[in-house]
J.: 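Could you have a look at this structure, given as structure tokens, before my questions?
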Amino acid sequence: MDSENVYKASELFQAQAHLYDHILSFLKPMSIKWAVDLNIPNIIHNHGQPITLPQLVAALQIPEQKTACVQSLMRLLPHNNFFIIVNTNEQETYDLSPASKLLVKGTDHCLTPMVQLITNPFLVDLYNHLSKWTCGEELTIYETALGKDDYWSFMHQNSLHLKSFNEAMESDSNFVRLALRDCKSVFDGLTSLVDVGGGTGNTAKIICETFPMLKCTVLDLPQVVGL
Ligand SMILES: C[S@@+](CC[C@H](N)C(=O)[O-])C[C@H]1O[C@@H](n2cnc3c(N)ncnc32)[C@H](O)[C@@H]1O
């Protein structure tokens, strides 16, 4: 049956908007990657106060004709709660939001390595193979995309990707400090623990700092332990 005769026009427009919203939502992570690649969170942080568009464009040292493009992205990002638009003296300025503070390099809870890993073109492209993988015999999507048996063996032949992966995991595991601050009782009575798949051991190191009497062992693949 033709959907035109079943649904009201308003319902179809609503459905169209919903669909477009979703197929264009890849711009959310891509705009965050853009800001990270251009070091915008650090530029705003170092500026010490909300930054105007001309000041940002000057700091970025980019062609002036890209100003409108920067402005569009700097309006999209606050829409998704990355950066805040502050109107100062009738001028639009940009400040850090709580989420974009996590993108300032050199701070305790910086998650830019995670942004760089997740938006890495190789990982993003994997998902173009979902349907091919579903129809094929391969156990993992990595095998479909690359002819490798799994992600770990691919990574261990790509030192740059392995480095990026480990940096991302370490940045994430720094958040364990926050959990330890408020949930110490979870470790009450323990004398030892094994972190299986513990990567470079950052989580175990943080736990040991808080509980020096706890014997922590990290188990991971030889290539990671050997780093
Ligand atoms: C998602 S990461 C976790 C990283 C770690 N928890 C951290 O905070 O840094 C998963 C880890 O599992 C490891 N891994 C994968 N297969 C494994 C296996 N068969 N035996 C031990 N470790 C493995 C990977 O090398 C990787 O470091």
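Basis for what follows: all heavy atoms, side chains included, without hydrogens, waters or symmetry-related copies. Both ligands and their constituent atoms are indexed starting at 1 by order of listing.
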J.: Would N166 count as being in polar contact with ligand 1, using the rule that some N or O on each side must be under 3.5 angstrom apart?
T.: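 Looking only at distances, the answer is no, because the N/O contact criterion of under 3.5 Å is not met.
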J.: Ignoring hydrogens and angles, state whether a donor on the side chain of E170 or T200 is under 3.5 Å from an acceptor on the partner side chain.
T.: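 T200 and E170 do have a side-chain donor-acceptor pair below 3.5 Å.
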J.: Answer with yes or no whether the side chains of D108 and N174 bring together a donor and an acceptor at under 3.5 Å.
T.: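 D108 and N174 do not have a side-chain donor-acceptor pair below 3.5 Å.
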J.: Would you indicate which of D195, V218, D220 comes nearest to atom 22 (N) of ligand 1 when only heavy atoms are counted?
T.: D220
J.: Side chains of Y151 and H161: any donor to acceptor distance under 3.5 Å?
T.: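 A donor-acceptor contact under 3.5 Å links the two side chains.
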J.: Using a distance-only test with no angle check, is there a side-chain donor-acceptor pair under 3.5 angstrom linking T93 and T52?
T.: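 No donor-acceptor contact under 3.5 Å links the two side chains.
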J.: Closer than 4.0 Å to some heavy atom of S173 - which atoms of ligand 1 meet that?
T.: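 Those of ligand 1 that fall under 4.0 Å from S173 are 8 (O).
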J.: Among all protein heavy atoms, pick out the one at the shortest distance from atom 10 (C) of ligand 1; state its residue, atom name and that distance to 0.1 Å.
T.: W152 CH2, 3.7 Å
J.: May I ask you to check whether T134 and S131 show a side-chain donor-acceptor distance below 3.5 Å?
T.: no
J.: What atoms in ligand 1 come closer than 4.0 Å to a heavy atom of G199?
T.: 5 (C), 27 (O)
J.: L180: which residues meet the side-chain contact (heavy atoms from CB on, under 4.5 Å) condition with it, sequence neighbours left out?
T.: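 Partners of L180 by the side-chain contact (heavy atoms from CB on, under 4.5 Å) criterion, ordered by chain and then number, come out as V176, F187, I206, I207, T210, F211.
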J.: At what distance is the nearest protein heavy atom to atom 5 (C) of ligand 1, and which residue and atom is it?
T.: G197 O, 3.3 Å
J.: Given K132 and E138, is the salt bridge (charged side-chain N to carboxylate O under 4.0 Å, His left out) satisfied, shown in steps?
T.: CA-CA 10 Å; K132 194 173 164 201; E138 303 88 2; over 6 Å; no
J.: Do me a favour and list the nearest non-hydrogen protein atom to atom 23 (C) of ligand 1 with residue, atom name and distance?
T.: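 Of every protein heavy atom, L221 CG, 3.7 Å lies nearest to atom 23 (C) of ligand 1.
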J.: Using a 4.0 Å heavy-atom threshold (strictly under), name the region of V224 that reaches ligand 1: side chain, backbone, both or neither.
T.: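 For V224, the contact with ligand 1 is made by the side chain alone.
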J.: Considering only heavy atoms, does T203 approach ligand 1 within less than 4.0 Å through its side chain, its backbone, both, or neither?
T.: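 For T203, only side-chain atoms sit under 4.0 Å from ligand 1.
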J.: Nearest protein heavy-atom contact for atom 9 (O) of ligand 1: which residue, which atom, what distance?
T.: M169 CB, 3.2 Å
